[in-house]
2 protein chains.
Amino acid sequence: MPTIEDIAKEAGVSTATVSRVINNSGYVSERTKLRVWHAIKKIGYTPKESARVLAKHKKTYRIAICISERIQKLSQQDNVGQFYGVVVESIRRSSTACGMYPELKLMETVENEYDGYILIGADADLNILKKFRSMKKPFVLVDHYIPGQVIDCIISDGYDGAYYAVSYLIKKGLTRIVHIHAPLNAYGFRSRYDGYLAAMEHGGLMPKTYEYDDIANNMPSVVEMMLRTYGLPHAIFTSNDIAAIRVITELKKRGIRVPEDVSVIGFDDIAWAETFDPPLTTLRVFKDEMGVLACNRLRDLIMGINPHPVRISLFTRFIKRKSSI
Amino acid sequence: MPTIEDIAKEAGVSTATVSRVINNSGYVSERTKLRVWHAIKKIGYTPKESARVLAKHKKTYRIAICISERIQKLSQQDNVGQFYGVVVESIRRSSTACGMYPELKLMETVENEYDGYILIGADADLNILKKFRSMKKPFVLVDHYIPGQVIDCIISDGYDGAYYAVSYLIKKGLTRIVHIHAPLNAYGFRSRYDGYLAAMEHGGLMPKTYEYDDIANNMPSVVEMMLRTYGLPHAIFTSNDIAAIRVITELKKRGIRVPEDVSVIGFDDIAWAETFDPPLTTLRVFKDEMGVLACNRLRDLIMGINPHPVRISLFTRFIKRKSSI
DNA sequence: CCCCCTTATGTAAGCGCTTACATTCTTCCA
DNA sequence: TGGAAGAATGTAAGCGCTTACATAAGGGGG
């Protein structure tokens, strides 16, 4: 594997000159440039990314991890923030591994004084986006994607997971499967919803969905509504684990047993899911990986590597526990 | 930004020992391990990825770039292979930048003697996949994705681009917009098809699609069929540039002018697109970036970094030229 | 003709980590 | 109780690149 030294030797110059040619920096005569490019072509050399990064990294970049005020409040209040807490923690760790120094900020108020930004969650709407675009600094969205918008983002694809889980229930012989979901303006929830629909259609079953808008207070009435208008389903698939837990709590109050009377499947695999009674069957979202990928991507963006926008979707994993058949 | 040396100092050991603790290798007493972990926690240290990669990289990995026999034949025959040629070239360059040594192979016959594999194109079907899974070596798919399959892949999302292009035509006042497409078993073409459908639906227009199965010989009859059953549309959106070029050629033969009589939009932005007469309006697929991302991903996989599967979708860019309004 | 500025190139010191090798300290059995 | 084997730790040489600094050569104004 050729190194810069091989090129230097071949071209009869020093490694410094080769580096200058490659980076198009400093003074190099045209004649020398040509000789170096020839040597590079001839030997088939490409500089190693890791060595460049290491050598260049005198400066550590300052980045802002941005959450919304809403999320911040929720995360103080109760377990809703669990999900984002894990993501933030992962970003924190990973960003220093990428040579970036992170600070936690609110996306509504953060100033244009960082080298890059990571925006977490669906509250990063078009307005917020506009603000960040106008700052002319690289940023990546985590756990959110706005169809039609060209932005770097890291998401966990709900479609595949939802499709898999619902298909699993169908394969077990269940037919009356309900989806209780969050508002669909967030792509994450939308894709889970779509996956549910696709699986039901593929199984030749009638889908039935109920939406809640306030996860903290809405669940009793949603469950009530479902029981009144639809009766007891064979299974309930929810947008996320918190919703699943709330639903199960409501069912328990009414003496309905999980999973004997009805299977419940959540989404996310938050820490609670495993210790809840019954332990929750769910789809694991790899929150750590999301953070790591976000940092890597932002680092690339800041350094100008692979600047073309991408959407990175993590696959989820079905975790079978006791809350479902 | 803390380094391994800071930890060593804090814990009162050498950097070698810290490294051993981090990598859980060699001999370290429990007592020392504990001290080191404490120091790491206290200082908030995370090892820099690039330094590790550089230091570890004594060995260069051998990888195989795999295409199908079909693609290989096509690429010799004419411009159909243009697309894949660019991708392969990019992978070649980029893989050596990642410290990997690439060889070009056929996916049907390649042996299990490489450290990793890059499979290009939609011919990597479930059978091929099974073979590669059984080899127990990391691999990534390029320009292909099989819904429901958990595999690392790099794709160019056709949905957004198609949606954008068709919406553009609609915004210009066109209503009779036809999609001429390749077989839909390949995800790439399927997503372009879906994007077309979505845009038409959103615009309240009747979609009309025609499928060809042999891009080299089918086009005259497809165009013939379209003109007979549908008449002359306002615009034709095709699955890819080659198809667009063939379609335009057919139209020209009949004295139909592009774009005066009908707009044509392709997909891919192959080299030909710009020099064709008329220059093709199209959606640029960032083929170079696909190669780069594939190599980065494979390198990570081989080194065991971020081992959880992801799907990376590149956005496309609308390139307005003369073949359309 | 000398000085200084600009251009062109080389030298070598890191960047932060891993690891081969050297060294020291324990065991424990002949 | 000597010493060999094994365990624990340290030393220092890289990995492949960038870049500050040193050096050298050409060129124009006083």
Side-chain angles (χ1 to χ4, degrees), chain A residues 1-37 39-40 43-61 94-101 299 303-305, chain B residues 1-37 39-40 43-61 94-101 299 303-305:
Chain A
M1 186 107 331
T3 76
I4 201 172
E5 216 154 334
D6 300 324
I7 304 304
K9 214 162 288 171
E10 171 74 25
V13 296
S14 70
T15 63
T17 300
V18 176
S19 177
R20 284 186 199 106
V21 171
I22 288 169
N23 296 288
N24 201 17
S25 67
Y27 292 115
V28 186
S29 72
E30 288 306 318
R31 226 170 50 87
T32 311
K33 267 185 195 166
L34 228 60
R35 278 224 312 285
V36 170
W37 282 123
I40 289 177
I43 301 201
Y45 164 76
T46 336
K48 308 281 165 297
E49 215 43 81
S50 48
R52 305 184 76 165
V53 171
L54 182 59
K56 267 207 172 123
H57 231 313
K58 320 272 166 179
K59 183 186 164 195
T60 85
Y61 300 103
S94 180
S95 56
T96 74
C98 294
M100 309 188 296
Y101 180 79
R299 192 236 302 118
M303 296 197 161
I305 305 174
Chain B
M1 186 108 330
T3 75
I4 202 173
E5 215 155 334
D6 300 324
I7 304 304
K9 215 163 287 171
E10 171 74 25
V13 296
S14 72
T15 62
T17 300
V18 176
S19 177
R20 285 187 199 107
V21 171
I22 288 169
N23 296 288
N24 202 17
S25 66
Y27 292 117
V28 186
S29 72
E30 287 308 317
R31 226 169 50 88
T32 311
K33 269 185 193 166
L34 227 61
R35 278 224 312 284
V36 170
W37 282 123
I40 289 177
I43 300 199
Y45 163 77
T46 336
K48 307 284 166 295
E49 215 43 81
S50 47
R52 304 184 77 166
V53 171
L54 183 59
K56 268 204 172 128
H57 231 312
K58 321 272 170 181
K59 183 186 165 196
T60 85
Y61 300 103
S94 180
S95 57
T96 74
C98 293
M100 309 189 297
Y101 181 79
R299 191 236 303 116
M303 296 198 160
I305 303 175

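A note on names: the letters A, B, ... follow the listed sequences, proteins ahead of strands, and every chain is numbered from 1. Heavy-atom basis, side chains included; hydrogens, waters and symmetry copies ignored. Everything numeric here is computed off the predicted structure, so don't read it as measured data.
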Novice: Within a strict 4.5 Å, meaning less than it, do heavy atoms of the A:Trp37 and A:Val21 side chains meet?
Specialist: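 A side-chain contact exists here, since the closest heavy-atom pair is under 4.5 Å.
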Novice: Which heavy atom in B:Pro2 sits nearest to a heavy atom in B:Gly44, and how many Å separate them?
Specialist: CG-O, 3.9 Å
Novice: Main chain of A:Leu54, side chain of A:Lys56: is a donor-acceptor contact present, judged purely on distance under 3.5 Å?
Specialist: no
Novice: Could you tell me if the side chain of A:Thr96 sits less than 4.5 Å from the side chain of B:Tyr45, heavy atoms only?
Specialist: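 Answer no - side chains too far apart.
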Novice: Under 4.0 angstrom, heavy atoms only, what part of the nucleic acid is A:Thr32 near: base, sugar-phosphate, or nothing?
Specialist: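 Counting heavy atoms under 4.0 Å across all strands, the contact made by A:Thr32 is with sugar-phosphate only.
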Novice: Under 4.0 Å: is that the gap between some side-chain N or O of B:Thr17 and OP1 or OP2 of D:dG10?
Specialist: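 Answer yes for this pair, as a side-chain N or O of B:Thr17 is under 4.0 Å from OP1 or OP2.
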Novice: Toward the 5' end of DNA chain D, which comes first, B:Lys33 or B:Ala55, by nearest nucleotide?
Specialist: B:Lys33
Novice: Students often get this wrong, so: under 4.0 angstrom with heavy atoms, is A:Ser29 touching a base, only sugar-phosphate, or nothing?
Specialist: sugar-phosphate
Novice: Answer with base, sugar-phosphate or nothing: what part of the nucleic acid does B:Thr3 contact at a heavy-atom distance below 4.0 Å?
Specialist: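 Sugar-phosphate only.
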Novice: From OH of A:Tyr27 over to P of D:dG26, roughly how many Å is that when rounded to an integer?
Specialist: 17 Å
Novice: Base, sugar-phosphate alone, or nothing: which one does B:Val13 contact when heavy atoms must sit under 4.0 Å apart?
Specialist: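 Result for B:Val13 = sugar-phosphate.
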Novice: Please tell me if the side chains of B:Val53 and B:Met303 come closer than 4.5 Å, counting only heavy atoms from C-beta onward.
Specialist: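 Yes. Closest side-chain heavy atoms under 4.5 Å.
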Novice: What's the angle between the local helix axes at either end of the helix from C:dC1-D:dG30 to C:dA30-D:dT1, using five pairs per end and rounding to 10 degrees?
Specialist: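 The two end axes of the helix from C:dC1-D:dG30 to C:dA30-D:dT1 meet at 50°.
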Novice: Once you apply a heavy-atom cut-off of 4.0 Å, does A:Ser25 come out as touching a base, just sugar-phosphate, or nothing?
Specialist: nothing
Novice: For a 4.0 angstrom threshold against heavy atoms of chain A, report the outermost contacting nucleotides of DNA chain C in 5' to 3' order.
Specialist: C:dT7 to C:dG16
Novice: Working to the nearest 0.5 angstrom, can you tell me the gap between A:Ile7 CD1 and A:Thr46 OG1?
Specialist: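 Those atoms lie 9.0 Å apart.
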Novice: Sub-3.5 Å donor-acceptor pair from the side chain of B:Arg35 to the main-chain atoms of B:Ala11, do we have one?
Specialist: yes
Novice: How close do B:Lys48 and B:Met1 get, counting heavy atoms only, and between which atoms?
Specialist: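 Answer, listing the atom of B:Lys48 first, then B:Met1: CE-CG, 3.4 Å.
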Novice: Applying a 4.0 Å non-hydrogen cut-off, can you work out what B:Gly12 is touching in the nucleic acid: base, sugar-phosphate, or nothing?
Specialist: sugar-phosphate
Novice: Of all heavy-atom pairs between A:Thr3 and A:Asp6, which one has the smallest distance, and what is that distance?
Specialist: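 Closest heavy-atom pair between A:Thr3 and A:Asp6: N-OD2, 2.8 Å.
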